[in-house]
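Worksheet for the structure shown next.
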Amino acid sequence: MLNSGLLTARLFRQTTFLTGLNQTRNKNYLNRPRLRNPIWFVRKERTVHDEMLTPENTSFVKEVLHDKFGPPALIKGVLTFDQSNQSLIRTEELPAVQWRPGLKRTGVIARKIGQYPLWMKDGTKIRTTLLQVIDNHVVKYIPPAEFNPPLEPRQKKNWKNPYGCLLVGAQSQDPSIFTKEYCGLFKDSGVLPKQHLCRFIVSPEAQLLPGTPLNVTHFKVGDYVDVRGKTVDHGFQGVVKRHGFKGMPASHGVTKTHRKPGNIGAGGEKARVWPGTKMPGHMGNRWRNLRGLKIWRINTKYNVMWVQGSNIAGDTNGLVYIYDTILPLRKYKEAPAFPTHFESENDLYADEDIWHEDIHNFKSGSITFKEE
């Protein structure tokens, strides 16, 4: 006679094995980078040859490009405001939409430029990461019917995709270094070809016209954002560096197993290696998301924001993508700048530095004395 507890455990193991409900410890296969380009990939850079242009001809070509597309707006406020050439934004062509919970705005492309401490007014020190929004412009809007068409008519559900796609580019570059096919993506946008492109899933009410700039004013101080970045690539590493294993002792009969993982198998009925076992392999170069990070400070001149935390994925000068957070308790309770913040002439003379009310501003005195 078998014990009832032992019999129940054995039946549970057999049922789990037959139904395939084994828990995978680590789903890294969902974040692995692609090994080949997709079918819609357009070759980006071309072989640049020396065309023997004089410095005068080179400057003339740049002037023609700037007259056609406008100068790159890397730093806000440095360029003079031209009422006749504020140009690419035509807000009257899009109907005004009132924001409501559930609508999804676009995100921005930023560069991780460093870390900096801030102090609360009660003396608490917090660590922040500086993210700079680098010359973002809308390139194209793809409606839901084209981006992700409905399912086949043979299916019973009357399914309709409610979201479209907004193609955003960052960091203007010289068109001569790109191929003709890649430059064709920017033909109808009115901006210079961009070095980086990203697709953001948006609601149809949040669509923007091609050429609309996206700055750090897309967010406000106190908002919560999600930041997506790619971790630093370390190549093939062992278990000590990759997973933090302790390793075997250095002496007392230990032979050539100082940094090895040890036993990886399992005895009994399994007699196999479990999926997700920590083993040597490629370390880094994986997409990681950090959710619910608070914005403590914003600089509108250089398009820089101070974001909570120091563990944002990526190396210094690496690219990250910033979205509105999806955490239920940190979503927007009040209407944000929807679909984005449209600049005007008066914005050039606004405050460059915007601080959270709980952060101590070192431009103001920390101790005040009353006159006797």
Side-chain angles (χ1 to χ4, degrees), residues 37 40-93 106 108-111 113 131-142 166-199 208-218 299-304 316-319 340-350 352:
N37 295 323
W40 46 264
F41 180 78
V42 177
R43 192 164 64 92
K44 185 176 180 181
E45 297 181 354
R46 69 177 184 88
T47 304
V48 180
H49 302 281
D50 187 8
E51 299 177 353
M52 307 300 290
L53 293 178
T54 61
E56 292 79 7
N57 290 336
T58 304
S59 61
F60 174 73
V61 171
K62 291 182 179 180
E63 291 178 1
V64 172
L65 291 175
H66 291 170
D67 292 340
K68 182 177 181 181
F69 299 103
L74 291 178
I75 300 178
K76 174 190 171 185
V78 174
L79 303 175
T80 58
F81 183 83
D82 186 2
Q83 186 69 24
S84 62
N85 192 18
Q86 66 175 347
S87 72
L88 303 172
I89 311 173
R90 298 181 296 276
T91 56
E92 65 275 10
E93 294 186 5
T106 180
V108 296
I109 306 173
R111 188 185 300 279
I113 60 176
L131 304 178
Q132 183 181 24
V133 182
I134 47 171
D135 194 16
N136 281 213
H137 285 86
V138 177
V139 177
K140 185 180 180 182
Y141 171 71
I142 305 174
L166 206 62
L167 185 64
V168 177
Q171 195 173 354
S172 301
Q173 291 288 347
D174 186 3
S176 62
I177 66 176
F178 299 122
T179 61
K180 183 178 180 180
E181 294 79 11
Y182 184 78
C183 292
L185 300 174
F186 307 88
K187 181 177 64 174
D188 299 329
S189 63
V191 296
L192 284 169
K194 301 290 185 176
Q195 182 70 26
H196 310 286
L197 291 175
C198 181
R199 297 185 299 176
L208 293 169
L209 294 176
T212 304
L214 300 173
N215 297 316
V216 73
T217 52
H218 185 72
N299 183 278
T300 59
K301 179 179 179 180
Y302 297 100
N303 282 329
V304 178
T316 304
N317 294 326
L319 290 182
T340 187
H341 175 74
F342 295 102
E343 297 183 356
S344 61
E345 184 177 4
N346 298 328
D347 289 340
L348 294 178
Y349 306 99
E352 294 182 357

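Quick caveat: nothing in here was measured; it's all calculated off a predicted structure.
- Contact of the Leu208 side chain with the Phe342 side chain is registered, since non-hydrogen atoms from C-beta on lie closer than 4.5 Å.
- Inter-residue side-chain proximity for Leu192 and Gln173 is flagged as unmet; no heavy-atom pair is nearer than 4.5 Å.
- Paired with Thr106 under the rule side-chain contact (heavy atoms from CB on, under 4.5 Å), one option of Val138, Leu167, Leu214 passes, and it is Leu214.
- A distance of 9.5 Å separates CD in Gln132 from CG in Asn299, rounded to the nearest 0.5 Å.
- The side-chain contact (heavy atoms from CB on, under 4.5 Å) check on Ile142 picks up Lys140, Glu146, Phe147, Cys165, with sequence neighbours excluded.
- Although no hydrogens or angles enter the test, the distance criterion places no donor-acceptor pair under 3.5 Å between the side chain of Thr217 and the main chain of His341.
- Using modelled atom types and a 3.5 Å distance limit, the side chains of Lys44 and Thr179 yield no donor-acceptor pair.
- Counting heavy atoms from C-beta outward, Val139 and Phe186 have side chains that approach closer than 4.5 Å.
- Pairing each heavy atom of Pro175 with each of Cys183, the nearest pair is O-SG, 3.7 Å.
- Of all the heavy atoms in Lys194 and Ser172, the pair that sits closest is NZ-OG, 2.9 Å.
- The nearest pair of heavy atoms linking Leu131 to Ala110 is CB-CB, 4.2 Å.
- A donor-acceptor distance shorter than 3.5 angstrom exists from the side chain of Asn136 to the backbone of Ile109, with no hydrogens or angles considered.
- Of all heavy-atom pairs between Gly169 and Leu197, the closest is CA-CD2, 3.7 Å.
- For Val42, the side-chain contact (heavy atoms from CB on, under 4.5 Å) test picks out Glu181, Tyr182, with sequence neighbours left out.
- Residues satisfying the side-chain contact (heavy atoms from CB on, under 4.5 Å) test with Ser176, not counting sequence neighbours, are Arg46, Asp174.
- Rounding to the nearest 0.5 angstrom, the gap separating the CD atom in Glu352 from the NZ atom in Lys301 is 5.0 Å.
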